[in-house]
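Proteins come first, then strands; the chains are lettered A, B, ... in the order of their sequence lines, and each starts at number 1.
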There are 2 protein chains.
Amino acid sequence: MTEIERKLDSNGIRPTAMRILIYKYMAEKNNALALTDVEQAFQKAERTTLYRTIKTFEEKGIVHQIDDGTGVLKYALCEPGCNCEIDRDLHLHFHCNSCDKTICLTQHKIPHINLPEGFMAEDANLVVKGICDSCSAY
Amino acid sequence: MTEIERKLDSNGIRPTAMRILIYKYMAEKNNALALTDVEQAFQKAERTTLYRTIKTFEEKGIVHQIDDGTGVLKYALCEPGCNCEIDRDLHLHFHCNSCDKTICLTQHKIPHINLPEGFMAEDANLVVKGICDSCSAY
DNA sequence: TATTAATTGCACTTCTGTTGCATTGCTTAT
DNA sequence: ATAAGCAATGCAACAGAAGTGCAATTAATA
Ligand SMILES: [Mn+2]
Ligand SMILES: [Mn+2]
Ligand SMILES: [Zn+2]
Ligand SMILES: [Zn+2]
């Protein structure tokens with residue numbers, strides 16, 4: 001039983017061949033992925049299977065969904081210490097206007113926001129857009 | 001020439017009947033609207049006309065688009081003092097999980113975020129979700 | 001009034017996300 | 001080992017939102 005299989009198994013996800021492949025793929029990318037990205041990588045696989053696999057990962061708390069404002073949902077593996085499952089891990093996301101990649105800035109938490117009287121916060125989403133480190137290196 | 005006509009005109013928008021109606025409608029709502037909301041309000045009008053009207057408003061800088069994470073784009077009139085046209089007005093948006101309305105918190109600017117080495121911010125979007133003042137009043 | 005430009009209406013397309021259902025594969029109890 | 005039962009996959013189709021092309025109107029201007 002490999003590392004990944006154990007990870008899936010311990011989160012109540014049956015480690016099928018497809019799931020292991022998708023997990024591995026997501027793990028080796030350091031940016032968030034759209035369903036179409038995964039589709040590109042596994043052209044022989046069914047879109048629905050990929051979709052449901054990612055959704056399963058999400059439900060089981062090993063992947064979180066990101067709305068980066070591009071109109072396409074992105075997904076990224078939860079880093080160790082990410083508490084998505086519990087009450088939302090409020091780290092911020094960065095979208096590069098140059099390379100179009102979306103990156104989890106896991107270390108950067110969303111600052112506390114004080115709201116007007118009567119408003120109660122339950123969740124928050126902060127996306128910063130600009131130029132990423134790779135793109136600004138040139 | 002009415003107030004609204006002047007407003008449109010001074011922003012380079014020809015004040016047609018339809019445009020005046022839509023502007024008025026958006027002005028009397030205090031929450032952000034989806035295209036479908038406007039569609040509901042003007043059932044006899046063509047969707048495309050409504051769509052293009054809002055897009056025109058946006059291009060001319062009197063409306064801004066909001067991605068509140070629901071998957072449906074929202075639009076709201078720019079308040080006096082909103083500098084969308086210039087470099088983005090970084091106020092935050094609140095989405096109520098109860099009444100499903102999205103509100104501009106024009107007074108609440110997005111706090112400065114310091115990013116890791118190499119990252120350069122150009123824009124930011126912060127959406128807080130929770131219970132709005134009207135809903136929490138009960 | 002004739003010419004030109006902007007606006008609107010209608011039809012149709014694309015893209016993303018999502019579901020229903022039959023089929024296949026895996027697990028477990030007999 | 002076999003059969004029953006449940007989970008995963010493949011295939012088809014749908015829904016909603018956003019957007020485009022083009023013809024028909026309507027408004028502005030010469
Ligand atoms: Mn993330
Ligand atoms: Mn706003
Ligand atoms: Zn980049
Ligand atoms: Zn509310």
Do nucleotides 12-19 of chain C as a string where each nucleotide becomes B, S or -: B if the base has a protein heavy atom under 4.0 Å, S if just the sugar-phosphate does, - if no protein is that close.
----SBBB
Enumerate the protein-to-nucleotides 2-4 of chain C contacts in which both atoms are nitrogen or oxygen and the separation is below 3.5 Å.
none

Outermost DNA chain D nucleotides near chain A [under 4.0 Å, heavy atoms]
D:dA7 to D:dA13
Do you know the tightest heavy-atom contact between A:Ala76 and A:Ile66?
CB-CD1, 3.9 Å
Shortest non-hydrogen pair, A:Lys109 vs A:Thr106, comes out as NZ-O, 3.1 Å
For the atom pair [atom1] ([X]) and [atom2] ([Y]), what is the distance rounded to the nearest 0.5 Å?
X        : Y        : atom1 : atom2 : value
B:Ile110 : A:Ile113 : CD1   : CD1   : 8.0 Å
A:Leu92  : B:Leu115 : CG    : CG    : 6.5 Å
A:His108 : B:Phe119 : NE2   : CZ    : 8.5 Å
A:Leu8   : A:Ile62  : CG    : CD1   : 5.0 Å

Those residues that, when tested against A:Lys7, pass salt bridge (Lys or Arg N to Asp or Glu O under 4.0 Å) (two or more places apart):
none
Answer yes or no: is there a donor N or O on one side and an acceptor on the other, between the side chain of A:Lys55 and the main chain of A:Leu50, under 3.5 Å?
no
Taking the ring of A:His93 and the ring of A:His91, is the distance between their centroids below 6.0 Å?
yes
CD1 of B:Ile54 versus C1' of C:dT8: gap in Å, rounded?
15 Å
Give the intermediate values and the outcome of side-chain contact (heavy atoms from CB on, under 4.5 Å) for residues A:Cys132 and A:Lys101.
CA-CA 8 Å; A:Cys132 78; A:Lys101 282 181 182 159; over 6 Å; no
Under a 4.5 Å side-chain heavy-atom rule over Ile, Leu, Val, Met, Phe, Trp and Tyr, are B:Tyr51 and B:Phe42 clustered together?
yes
Could you list the donor-acceptor pairs under 3.5 angstrom formed by side chains in residues 12-38 of chain B, with sequence neighbours left out?
residue	atom	partner	partner atom	Å
B:Thr16	OG1	B:Arg19	N	3.3
B:Arg19	NH1	B:Arg14	O	3.0
B:Asp37	OD2	B:Ala34	N	2.8

Protein-nucleotides 24-27 of chain C N/O pairs closer than 3.5 Å?
none

